[in-house]
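Lettering follows sequence order; numbering is per chain, from 1.
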2 protein chains.
Amino acid sequence: MEPDKVRAPNIRDVARLAGVSYQTVSRVLNNSESIKDTTKQRVLDVIAQVGYRPNQAARALVTSRTRTIGVLTSQTAHYGPTTSLHAIEEAAREAGYLISTTSLATSDHEAIVDRLEHLMRQAVEGLVVIAPQVRVFDAIRELEISVPLVTLDSTRRDDHRSLSVDQIAGARMATRHLIELGHREIVHLSGPQDWIEAEARMTGFLREVDEADLATHPPILGDWTADFGYHVGRELLRYRDFTAVFAANDQMALGLIHAFRDGGLDVPRDVSVVGFDDIPEAAHYWPPLTTVRQDFAEIGRRSVAMLLGELRGDAEANHEQVFPELIVRESTAPPRI
Amino acid sequence: MEPDKVRAPNIRDVARLAGVSYQTVSRVLNNSESIKDTTKQRVLDVIAQVGYRPNQAARALVTSRTRTIGVLTSQTAHYGPTTSLHAIEEAAREAGYLISTTSLATSDHEAIVDRLEHLMRQAVEGLVVIAPQVRVFDAIRELEISVPLVTLDSTRRDDHRSLSVDQIAGARMATRHLIELGHREIVHLSGPQDWIEAEARMTGFLREVDEADLATHPPILGDWTADFGYHVGRELLRYRDFTAVFAANDQMALGLIHAFRDGGLDVPRDVSVVGFDDIPEAAHYWPPLTTVRQDFAEIGRRSVAMLLGELRGDAEANHEQVFPELIVRESTAPPRI
DNA sequence: ACGTGAGATGTGTACGTTCACATTTCTCGT
DNA sequence: ACGAGAAATGTGAACGTACACATCTCACGT
């Protein structure tokens, strides 16, 4: 006939056992000065002894500070967003913040609103959005979200802060590399239509092709996966009206190369392929992939720094850019003939 | 001279505007029955109009329910843990729970304790541990954590629930496949020493080799990365006293293959390579990788189901196993001669 | 017309903490 | 030895919600 659950000790229990008032315990918890060392130690001993853990809900209620940053991610377990997320978690932790992550199961408007509402109910103090779908921004505007917000991978110039890798520049570098090798018929395998990143890379590609006065092949819309890249590669084999492909990420590039090889084409002898992201495996693909490197971890860290800056009230620059880097390996070569 | 921050509307504000008591608003929020439809609608209208959001801290304080599940992940952005994490988040969300994720920056005892303490302060109702380092279990025991706990990828049989892919069985399948092809000199490239997964795969490998009465090459300890696989491959080229390698994950397998090719060896003609995990890119590697598939998403989903079951008080089975599957592709073949 | 009971709504209180302010205790210099 | 001021500690209230219980309202059968 034991009581089913014993109530967890609270600040008053600790105070009683230490022979002080609850306020003194609170001071110890918050590292207040003007506490006698002996008293402080006595309180700490009791805390350790009874295994007291401050109730964050009560604390948040009275201070109206949650020390939590909300992160909205896309539904996929891609390397880039994941790496950024880890960096965000680490940077936030170091600053004494915690992370509440939620991901988008679907990218329809309702789901986005639901997830944002969820984060706001959590009373997050700031928001990092790594879900670079265009629609997210509409939802944010609609909900009149008032906490500081940083978006990643956006090329938008909106009323919130953003941090982006200059995807357009990266795409231009990749495209220019192919052009400089002598390619004149270049196909672009893009990401999904509503991803801002995909749009930016496509824009960069089109601009570069345009400036070089080359014929424009209509970009193909992909879904970021190697499987899709493979299927596209099989299709492309039927036309052969190109000498190079710029894929919007490394996985699709891998699928393309696989399909080309299956079709009897050699990369880079018969066709050059460039990827994007420089995931850690890209250097070990066969052939090692020429790609555009982005520092996802750096982006994550800096996004937290920006957010914390805004939380502290600094009126810093609103938009930062991180520059990507072209990594030339062995999947690109001059066209035959 | 505006007031700097307007207080967010609370339940009493809503009540006043709707001309009802705060308790009635509370009833609407909690979908209580015995609310007149017209009243309910009036309250909902006010809520929407003023943008009222219930304060979770206050709610948690009084109900002592946070509806939060804590997740402890390893420090790395690997495909497997990440995929499981996504599945966990989704499953939890569907059950009305939220996720508080924290990752291990380092795997020393202090860091682990710090992270666990952190989650407990958040008053998580349950814990999912995807950080399969051995030391985590010591910390959990030491902290006398009382909330329901599910660990992933563990082969331990402890006092908490666990859900694991039978890594030993998977490793045996991979090894047996090589043996059945006729290989007698097989090297194992393992994961880091303190990872339970790595240990289990090594155990499976050693058992199978032992049962087949083959000479045992001492396993090589790796770090899961393709880069490391490449370096090991370069080293191995100097000996050539093996005809097959079983790598503990696909990335290391990729690096190995790269190194072998650089050294003039053909996979699978000169040496066979098997990976583990079946990440989505494995089918598109060159050659397409023979590997062991694990359903990471399934694991994530089931871990949440187990946890919720325990939270509801079901006394279900304590340990579930998920079986992996051997996927034979083109990186394995009979040994030459 | 009136009591009855169910349905609808209202009131008091507790959750565990921090903040503002009040009070006590110590440490000096004289 | 004493008072002033600083240091240390204590008291009352508030944060926003849900629960237990109390009260009000209304339809209905007699």
Problem - Integer-rounded Å distance: dA8(C) P and Arg42(B) CZ - result: 14 Å

Handout entry: Between dG10(D) (C1') and Arg16(A) (CZ): distance, integer Å
Key = 16 Å

Exercise for the section: Measure distances between side-chain N and O atoms of Arg27(A) and base N and O atoms of dG10(D), and say whether any donor-acceptor pair falls under 3.5 Å. Expected result: yes

Exercise for the section: Nearest whole angstrom, please: distance from the P of dA18(D) to the CZ of Arg12(B). Expected result: 12 Å

Exercise for the section: Scan side-chain atoms only and decide if Thr102(A) and Glu89(B) contain a donor-acceptor pair under the 3.5 Å cut-off. Expected result: yes

Exercise for the section: May I ask you to say what Ser64(A) touches in the nucleic acid, namely base, sugar-phosphate or nothing, with a heavy-atom cut-off under 4.0 Å? Expected result: nothing

Practice task
State whether Thr39(B) places a side-chain N or O below 4.0 Å from either non-bridging phosphate oxygen (OP1 or OP2) of dA8(C).
Solution key: no

Exercise for the section: Could you tell me whether a side-chain N or O of Arg93(A) sits under 3.5 Å from a main-chain N or O of Ser103(B), the two making a donor and an acceptor? Expected result: yes

Exercise for the section: Specify the separation, in whole Å, of atom OH of Tyr22(A) and atom C1' of dA20(C). Expected result: 12 Å

Exercise for the section: Would you classify Thr63(B) as touching base, sugar-phosphate or nothing, given that sugar-phosphate means primed atoms plus P, OP1 and OP2, and contacts are heavy atoms under 4.0 Å? Expected result: sugar-phosphate

Practice task
State whether Asn30(A) places a side-chain N or O below 4.0 Å from either non-bridging phosphate oxygen (OP1 or OP2) of dT18(C).
Solution key: yes

Practice task
Report the distance from atom CG of Leu29(A) to atom P of dC19(C), rounded to the nearest whole Å.
Solution key: 12 Å

Exercise for the section: Indicate, with a heavy-atom threshold strictly under 4.0 Å, whether Ile35(A) touches base, sugar-phosphate, or nothing. Expected result: sugar-phosphate

Completion exercise
Of dT9(C), dT9(D), dA20(C), the nucleotide closest to the side chain of Gln23(A) is dA20(C)

Exercise for the section: Consider the side chain of Ser21(B), meaning its heavy atoms from C-beta on, and name the nucleotide among dG10(D), dT9(C), dG16(C) that approaches it most closely. Expected result: dT9(C)

Fill in the blank from the handout: Walking DNA chain D from its 5' end, the first of Asn10(B) and Val20(A) to be reached, judged by nearest nucleotide, is Val20(A)

Handout entry: Whole-Å gap separating C1' (dA18(D)) and CZ (Arg65(B))
Key = 13 Å

Handout entry: Polar side-chain atom of Thr39(B) near backbone of Ile35(B) as donor-acceptor pair, under 3.5 Å
Key = no

Completion exercise
Residue pair Tyr52(B)/Lys36(A) against DNA chain D: nearer the 5' end by closest nucleotide is Lys36(A)

Problem - Euclidean distance, atom CZ of residue Arg67(A) to atom P of dT17(C) [Å, nearest integer] - result: 18 Å

Practice task
Take the protein atom CG of Leu61(A) and the nucleotide atom P of dT18(C), then report the distance between them rounded to whole Å.
Solution key: 11 Å

Fill in the blank from the handout: Per atom distances to the Ser26(B) side chain, the nearest of dA18(D), dG16(D), dT11(C) is dA18(D)

Exercise for the section: Classify the side-chain pair Asn30(A)/Ser32(A) by whether it contains a donor and acceptor separated by less than 3.5 Å. Expected result: no

Problem - Any donor-acceptor N/O pair, Glu125(B) side chain to Leu311(B) backbone, under 3.5 Å - result: no

Handout entry: Nucleotide nearest Ser34(A) when distance is taken to its side chain, options dT17(C), dT18(C), dA7(D)
Key = dA7(D)

